[in-house]
Amino acid sequence: MKYKVAGEWSGGFQGDVSITNLGDPLTSWTLEFDFPNAGQGVNNGWSADWSQSGTHVTAKSLSWNANVATGASVSIGFVGKWSGSNPVPTAFKVNGVACTGQSPSASPSASPSSSPSSSPSASPSASPSASPSASPSSDPGGPAPQLHVSGNKIVTAAGKPYRLLGVSRSSGEFACVQGKGMWDSGPVDQASVDAMKSWNIHAVRIPLNEECWLGLNGSPSGAAYQQEVKGYADLLVANGITPILDLHWTTGAFSNGPDWHCKDATATCQKPMPDAQYAPQFWTGVAKTFKGNNAVVFDLFNEPYPEVGSDWNKTLGWQCLRDGGTCTGIPYEVAGMQDLVDAVRATGATNILMVGGLEWANDMREWLAYKPNDPLNNIAASWHSYSFNACATASCWDSQIAPLAAKVPVVTGEFGADNCGYDYMDQLTKWADKNGVSYLAWTWSPWGCSTGAVLIKDYAGTPEPGIGEGYKAHLLTQNPYA
């Protein structure tokens, strides 16, 4: 068992715990330890059900990581608080058995040379064991900065310009409604974040599902989904990475789209606009959860395309985008971007908000004219750019995006190519660097790159040839503060 202080700042820290099973296979586990200092505590954690009474801390396994084979490990973590000092706990127990660094005694029916798992009386209460250790923060920059908009820049609390440079980490939008758990079996632990840091990633966009957050339509999520999202966002912040929470999939039947468009009324696909019934409720809940933490950014809706319902009438599309209500060709009541801005600000949350444009967030030409009103004036433009989009050339970026970037911060919330090469992404990142535009590539998911937009082979961060290798090499040259 290893305990590591992965990051520490004034009054707060991140603790990582790795449990290695040296005994019989586990079917469930409970870790217990005591903080040496009464001022230490767990604020929230991930990959376990965390609780604290006095100085005593308990972390219980979740359904997806309860089984730990002999020799296998499980990683959990938390964001905590401290005052006075932050000493490392020295005594740990798993399932009531002290962690000593030695394998627990074998069953009386097993010979000394037998593997612990060979005993027919193997007990699920057998525990892993090792001595705890601490290490200094691997990120001398500390947690992700608190951010706000100033003019056409995103800046830190100290007023220093900051660009959001990184990736989207897909699965939070679809796995929960496809029976694939929360993160589609992918890890959201310290090791997976370290892999991102090895690419010099400083921002991660997390697509979310409205039904799963709210626990609608029989979704087996709700509070558990919310806890997972908060735990992952807190882990990223503690590692100096800005989380961007994106409302990706929502409810609302839409039958007027292209033939390929998903007609499902539930949140199983990308809709043209968020629904008035639940989307404001979603953002109220998210805003309350992250209120006071301006290191977290809110991307209000993934890829709007309301103009499709009105036979590509852009004026009606922009009006629908901003104002919502009854929109031509969309049979459900729409939540406009103004509705979602109002929902967030009504909670008192002051986080940066990202707002997209038309044509799946690729058309930004009338964005300034239809920008929703924010009493804090804390809104960035969310632009998506793929090689197959209408605006996919440097000349279009110069004429349509650069003038917008001169007025407000522009964040390329998604970008990529329809092949596995890096040529298009190379052009866009160089243009964005020149024009002060942020960018987040799609996607940090090991799906196999056959048609493009897949960066990695595995969650250890092994880059895909071409697209992944090129983007990693570029990120390693970038400083978000530059």
Side-chain angles (χ1 to χ4, degrees), residues 1-20 28-66 68 73-99 127-128 130-139 142-144 182-183 187-194 223-241 243 288-293 295-296:
M1 208 284 305
K2 292 184 178 180
Y3 177 101
K4 179 174 71 173
V5 178
E8 183 175 296
W9 54 95
S10 178
F13 72 105
Q14 178 192 329
D16 290 339
V17 183
S18 178
I19 304 170
T20 300
S28 66
W29 49 264
T30 298
L31 169 70
E32 297 177 88
F33 63 86
D34 290 278
F35 281 125
N37 185 338
Q40 293 173 289
V42 173
N43 289 334
N44 50 74
W46 50 92
S47 301
D49 182 7
W50 291 87
S51 61
Q52 183 173 346
S53 177
T55 60
H56 189 71
V57 177
T58 302
K60 296 182 179 181
S61 58
L62 302 177
S63 59
W64 58 269
N65 64 359
V68 185
S73 299
V74 61
S75 296
I76 61 178
F78 64 92
V79 173
K81 61 183 179 180
W82 64 274
S83 62
S85 62
N86 190 28
V88 174
T90 57
F92 297 81
K93 291 182 179 180
V94 173
N95 291 350
V97 179
C99 298
S127 69
S131 58
S133 62
S135 69
S137 169
S138 59
D139 184 355
M182 174 66 204
W183 305 110
V188 290
D189 56 7
Q190 185 60 47
S192 68
V193 175
D194 288 342
Y225 184 93
Q226 295 172 25
Q227 183 179 9
E228 284 283 343
V229 173
K230 188 173 190 307
Y232 189 37
D234 288 344
L235 175 63
L236 292 171
V237 169
N239 279 270
I241 299 174
K288 287 181 176 179
T289 300
F290 293 95
K291 177 181 175 180
N293 184 0
V296 181

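Quick note: residue numbers are just sequence positions, from 1.
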Passes side chain to side chain contact (heavy atoms under 4.5 Å, CB included), Val74 versus Asp189? Steps please. CA-CA 9 Å; Val74 61; Asp189 56 7; over 6 Å; no

Could you tell me which non-hydrogen atom of [X] sits nearest to which non-hydrogen atom of [Y], and how far apart they are?
X	Y	answer
Lys81	Phe13	O-CE2, 3.4 Å
Pro89	Asp34	CB-O, 3.5 Å
Trp29	Ala66	CD1-O, 3.5 Å
Pro36	Val88	CG-O, 3.8 Å

Kindly indicate whether the side chain of [X], heavy atoms from C-beta on, has any atom under 4.5 Å from the side chain of [Y].
X	Y	value
Lys2	Thr20	no
Val68	Ile19	no
Gln40	Thr55	no

Say you draw a straight line from [atom1] of [X] to [atom2] of [Y]; how long is it, rounded to the nearest 0.5 Å?
X	Y	atom1	atom2	result
Gln227	Asp234	CD	CG	10.5 Å
Ser73	Met1	OG	CE	11.5 Å
Leu31	Trp50	CG	CH2	6.0 Å

Output yes when a side-chain donor or acceptor of [X] lies under 3.5 Å from a complementary backbone atom of [Y], and no otherwise.
X	Y	answer
Gln52	Gly54	yes
Asn95	Ser28	yes
Thr58	Ser51	no

Contacts of Ser85 that satisfy side chain to side chain contact (heavy atoms under 4.5 Å, CB included) - sequence neighbours left out: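 Asn37, Pro87.
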
Among residues at least two apart in sequence or on other chains, which ones pass side chain to side chain contact (heavy atoms under 4.5 Å, CB included) with Ala295? Ala144, Gln146, Val237, Asn293

Residues that Asp16 engages under side chain to side chain donor-acceptor pair (under 3.5 Å), provided they are two or more places apart: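 With sequence neighbours excluded, Asp16 shows a side chain to side chain donor-acceptor pair (under 3.5 Å) to Gln14, given in chain and number order.
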
Is the Phe33 ring parallel, tilted or perpendicular to the Phe92 ring (thresholds 30°, 60°)?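 Aromatic pair Phe33/Phe92 classed tilted.
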
